[in-house]
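Data first, discussion second: the structure below is written as structure tokens.
Each ligand, and each atom within it, is numbered from 1 in the order the structure gives.
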Amino acid sequence: VTVTELTLELPALVDQHCHGVLAGGPAGRAAFEALLTESDAPPAPGTSFFDTQLGFAVRRWCAPVLGVPPHCPPEEYLARRARLGTAESTRLLLRAAGIGTYLMDTGLPGDAPASGAAVHTLVRLETLAERVAATAPRADAYLAALGAAIERAARTAVGFKSVAAYRHGLDLDPAPPAPAELWTATDRWLTSGDRGRLTEPVLLRHLLWSAARTGLPLQLHTGFGDPDGRLHRADPLLLTDFIRAVRPTGCRLVLLHGYPYHRNAGYLAAVYPHVYADLGLAVGHTGARAEAVLGELLELTPFGKLLFSTDAYGLPELYLVGAVLFRRALARVLGRFTADGSWSRDDAERVAALVAAGNARRLYGLDGP
Ligand SMILES: [Zn+2]
């Protein structure tokens, strides 16, 4: 097979959406495998999560970084990893990933993946609301404390993140809730005995609007993820009326993950000036097919509005695999565009640098206002 790969001089990547690394490392093979899947269940009897595109990608790209042959069996890889220890494996894998900046969603436990990299914070709205509810269990006090907490968060974070897709679905009423509706829903939630997990759609809408009014970018989970959600209710097209309604606030919306609706996200980014599309998560999980997914995103998404991320969580392997597969997919897709004369080499290099880092630096103001 002839593959035209473009040799690209990329800037250090900006991972615009990721989570922490588990510092203690996974305890054994089952715990490691559980982090290779979005499923919350063990693999089917007689199967392994290593037998997936992501599992294959880990064996291909992480094994040589830890000093074992590419494609070596999982047992050999995990034995080598255990011999090196979690701290040393993590250091080697993160160094090889070539990520210069992490924007970290603090909604899940874990430590910043950095060693020498810049780390910025994305505040997860639902987690913030649940924390406030634990200390302000009455509607008036809760709403005031929540407003103050969002304002405080906006002073230090680079953006907000919402998992409304998991908690309810993106088929929310697009308008900001009226005060009476908001108060009644708040009171209902706080007195329901289930303050631990926010699923009340009126309150989820209130969070989205509160974040939008801060002027910081708002990341929204869309597309595939863990089985908490119903995938068909995570299609970003369900956000169309919200996207229109929120535009006057000046808030920029980042549609995360997207797969298998990434083309829909690309369409929304194409027609609404304040919408951006992300290609994280899908890249790692589609492995040898990442090139196809990136190619589809580059069909409609304006080149100044596509953002790289890994959505890595827990395992340092996921940062490396996300970064390597992204660079490789980019080199191949742009290699084809230039080889057949559709794109100039200069344009390909400029777009590659935008997606790898430049778009995120501009969107989140990482180089100052
Ligand atoms: Zn995430």
Side-chain angles (χ1 to χ4, degrees), residues 13-22 34-40 54 57 94 97 99 101-114 117 119-130 153 157-170 197-198 204 207-208 211 216-231 233-236 239 252-262 265 276-286 290 293 297 306-323 325-326 360 363-364:
L13 301 180
V14 176
D15 185 350
Q16 71 107 26
H17 177 86
C18 66
H19 304 273
V21 181
L22 294 177
L35 289 164
L36 293 180
T37 176
E38 290 291 312
S39 174
D40 56 0
L54 179 56
L94 291 181
I99 297 169
T101 305
Y102 296 97
L103 308 194
M104 197 174 131
D105 170 355
T106 52
L108 296 172
D111 297 330
V119 180
H120 300 278
T121 305
L122 298 160
V123 172
R124 193 186 283 208
L125 290 166
E126 292 78 8
T127 314
L128 184 70
E130 287 153 5
V158 292
F160 290 95
K161 147 95 185 277
S162 167
V163 290
Y166 285 126
R167 299 305 184 80
H168 172 273
L170 297 175
R197 187 178 162 80
L198 177 57
L204 293 170
L207 288 176
L208 297 181
L216 288 186
L218 169 58
Q219 299 188 345
L220 291 141
H221 173 89
T222 70
F224 98 126
D226 58 56
D228 258 18
R230 297 291 172 271
L231 183 56
R233 294 177 73 185
D235 183 335
L239 288 167
R252 284 131 325 143
L253 302 171
V254 182
L255 306 175
L256 294 178
H257 313 153
Y259 184 90
Y261 307 119
H262 49 288
Y276 293 72
D278 160 81
L279 76 152
L281 193 59
V283 169
H285 283 270
T286 56
V293 174
L297 266 164
L306 183 59
L307 303 158
F308 159 75
S309 77
T310 61
D311 197 42
Y313 169 61
L315 295 177
E317 278 84 353
L318 303 183
Y319 300 88
L320 176 69
V321 161
L325 291 174
F326 165 66
L363 175 61
Y364 297 98

Please check this pair: side chain of Glu126 against backbone of Leu198, looking for a donor-acceptor N/O pair closer than 3.5 Å.
no
Check whether any N, O or S atom of His17, backbone or side chain, sits closer than 2.8 Å to the Zn ion (ligand 1).
yes
Give a yes or no on whether Asp311 keeps an N, O or S atom under 2.8 Å from the Zn ion (ligand 1).
yes
Parallel, tilted or perpendicular: rings of His17 and His19 (30°, 60°)
perpendicular
Which label fits Tyr166 and His221: parallel for a plane angle under 30°, tilted from 30 to 60°, or perpendicular past 60°?
parallel
The Zn ion (ligand 1) to Cys18: any N/O/S contact under 2.8 Å?
no
Among Lys161, Gln16, His257, which one satisfies side chain to side chain donor-acceptor pair (under 3.5 Å) with Gln219?
Gln16
